[in-house]
Number of protein chains: 2
Amino acid sequence: MLTESTENYLKAILQLEADKADGVSTSSIAERLGAQPASVTGMMHKLKERGWVKYERYKGVDLTETGRRHAMETVRRHRLWETFLVGTLGFAWDEVHDLAEQLEHVRSTDLTDQLDAFLGHPQTDPHGDPIPNADGTFRTSVGRALLSDAQVGICAKIVGVGDSQDDFLRHLNSLGLGLGTVVEVKELFPFDRSMAVHIVGGVEARCHLSSRVTQNLWWVEAVPDA
Amino acid sequence: MLTESTENYLKAILQLEADKADGVSTSSIAERLGAQPASVTGMMHKLKERGWVKYERYKGVDLTETGRRHAMETVRRHRLWETFLVGTLGFAWDEVHDLAEQLEHVRSTDLTDQLDAFLGHPQTDPHGDPIPNADGTFRTSVGRALLSDAQVGICAKIVGVGDSQDDFLRHLNSLGLGLGTVVEVKELFPFDRSMAVHIVGGVEARCHLSSRVTQNLWWVEAVPDA
DNA sequence: CTTCCGGTTTAGCCTAGCCTAATTCACCGT
DNA sequence: ACGGTGAATTAGGCTAGGCTAAACCGGAAG
């Protein structure tokens, strides 16, 4: 019943719902999946008749409870495989997205749970994103915010990336940023909403981050001596 | 270019070639894949025009060098995943076939090689079948024979199973047979080509094996005190 | 209230893979 | 040399999932 394609659609809708509240547009789904809007409309009819989305023409889509559960399971598998690839097989964090995208479609509760146990029930994947439980619930990550909302003077520890596309992660690598990196916000530039920071312990004295970057980095207050 | 379906066809042809020498029949492929002969014929045209098989109507098929290499890579991935599932995640040997059947289709040289390294470059999978190298060659397993060819009085150590379908493996479990089990051949029954054996170290004194079973077990001479 | 424009949907077409039914071939025995 | 017969192939059709082009809303601007 569930195919790779439908899983990808459900996952995309889940992730778009996180940002835009309710009523995900077909074109945003199309953009995220690299498909044409017309194809999305066609698929929405199928997803609706299977009871996985609430959909009415011209009004966007939302996941049903069943649809959300399927999407969550897919995300869970994706993040477990990423954790495995980085933690166990030694891949870099910018190499695993596409592989996990394939592995996530192997649907087996046994496999997923055994993998989870083998990895020691990890809480987050290599990009700092929370891994859903077997029952499809998140351990919500409290107290984290986007770097774009930080004020001058703040010492922020990077704990997550919003966009785990490989090219974004490689960009972070070349800037010297990674999970656990601590930065001090030096200056804000309202003109283009960019930001100058000092990387604590880094080689470069100062680093300039575009809004595209700061809007995709999660941080928490850095504990001085941790 | 390579799809899941074509990989399955190539793998099936490879395994049928092992038995029947040259000219694999379309119906044998159909049977192995659970498809209709007509579907196989259709696929053969596609495989031929992609240069993966030699095929002439009414004359059976053979793999080309390219086709064989693809098939070998698929088998390699399949057996590495089976080894991982049993050795690392703790699955039983009769639970992994279907899962590996799915995982094998994730085509990534990096992933395959990293997995191989993580597992310590295993020589055989949990069913005793040899794992092809990265270059697509077997370490040939010399000196093994089918149990159906053993003579009365021989002490045989089971080192492989020909058919790793889950139900066959479960049957072996219930008989008390597994990889490494040593049996002594007690009697042959030419009528139905069945065989009575004594399982060395087993609880049952005597065990009766059908030809269906003995034709799917590989053995080597058991070393008395090993 | 009307118009316009961009996003959405429908209509129609395509490919991959599979199926069933009908046809064709190859080979064996006479 | 000639049928028969079972295996193999062709013909035609189906579903899933995608695409392009054309038609269609619906909300903002006049």
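Chain naming here is simple, since letters A, B, ... match the order of the sequence lines and numbering starts at 1 in each. The shown structure was predicted, so the numbers you read here are calculated from the model rather than taken from an experiment.
In this model, a donor atom of one side chain and an acceptor atom of the other lie less than 3.5 Å apart for A:Asp192 and A:Ser194. With 3.5 Å as the limit, one finds a donor-acceptor pair spanning the side chains of B:Trp93 and B:Asn173. Looking at A:Thr3 and A:Thr6, their side chains do bring a donor and an acceptor atom within 3.5 Å of each other. For the residue pair B:His70 / B:Glu7, no side-chain donor-acceptor distance below 3.5 Å is found, with atom types taken as modelled.
Note that the first and last nucleotides of DNA chain C, 5' to 3', having any atom under 4.0 angstrom from a heavy atom of chain A are C:dG7 to C:dT10.
Aromatic ring centroids of B:Phe84 and B:Phe91 lie 6.0 Å or more apart. Ring to ring, B:His97 and B:His78 are close: their centroids are under 6.0 angstrom apart.
Considering only side-chain N and O atoms, B:Tyr58 lies nowhere under 4.0 angstrom from the phosphate OP1 or OP2 of D:dG6. Proximity of A:Tyr9 to the phosphate of D:dA16: no side-chain N or O atom is located under 4.0 Å from OP1 or OP2. Listed pair B:Arg57 / D:dT10 meets the phosphate criterion, a side-chain N or O lying under 4.0 Å from OP1 or OP2. Distances shorter than 4.0 Å separate some side-chain N or O of B:Thr26 from OP1 or OP2 on D:dT9. Contact annotation: A:Ser39 does not reach the phosphate of D:dG18 (side-chain N/O to OP1 or OP2, under 4.0 Å).
Rounded to an integer number of Å, the gap from NZ of B:Lys48 to C1' of D:dA8 is 15 Å. Atom NE2 of A:His45 and atom C1' of D:dG18 are 16 Å apart (whole Å). Straight-line distance from the CG atom of A:Leu47 to the C1' atom of D:dA16: 13 Å, rounded to whole Å. Protein atom CG of A:Asn8 is 11 Å distant from nucleotide atom P of D:dG17, rounded to whole Å. In this structure, the CE atom of B:Met44 is 13 Å from the C1' atom of D:dA8, given to the nearest Å. The distance between atom CD1 of B:Ile29 and atom P of D:dA8, rounded to the nearest whole Å, is 10 Å. The distance between atom CZ of A:Arg50 and atom P of D:dG17, rounded to the nearest whole Å, is 7 Å.
At a threshold of 4.0 angstrom between heavy atoms, the contacts of B:Ser27 are confined to the sugar-phosphate backbone, with no base atom among them.
Tested against B:Arg76 for a salt bridge (Lys or Arg N to Asp or Glu O under 4.0 Å), the candidates B:Asp113, B:Asp135, B:Asp125 yield a single pass: B:Asp113.
Take the nearest nucleotide of DNA chain D for B:Tyr55 and for A:Thr3: the residue whose nucleotide is more 5' is B:Tyr55. Between A:Ala35 and A:Lys59, the residue anchored nearer the 5' end of DNA chain D, judged by the nucleotide with its closest heavy atom, is A:Ala35.
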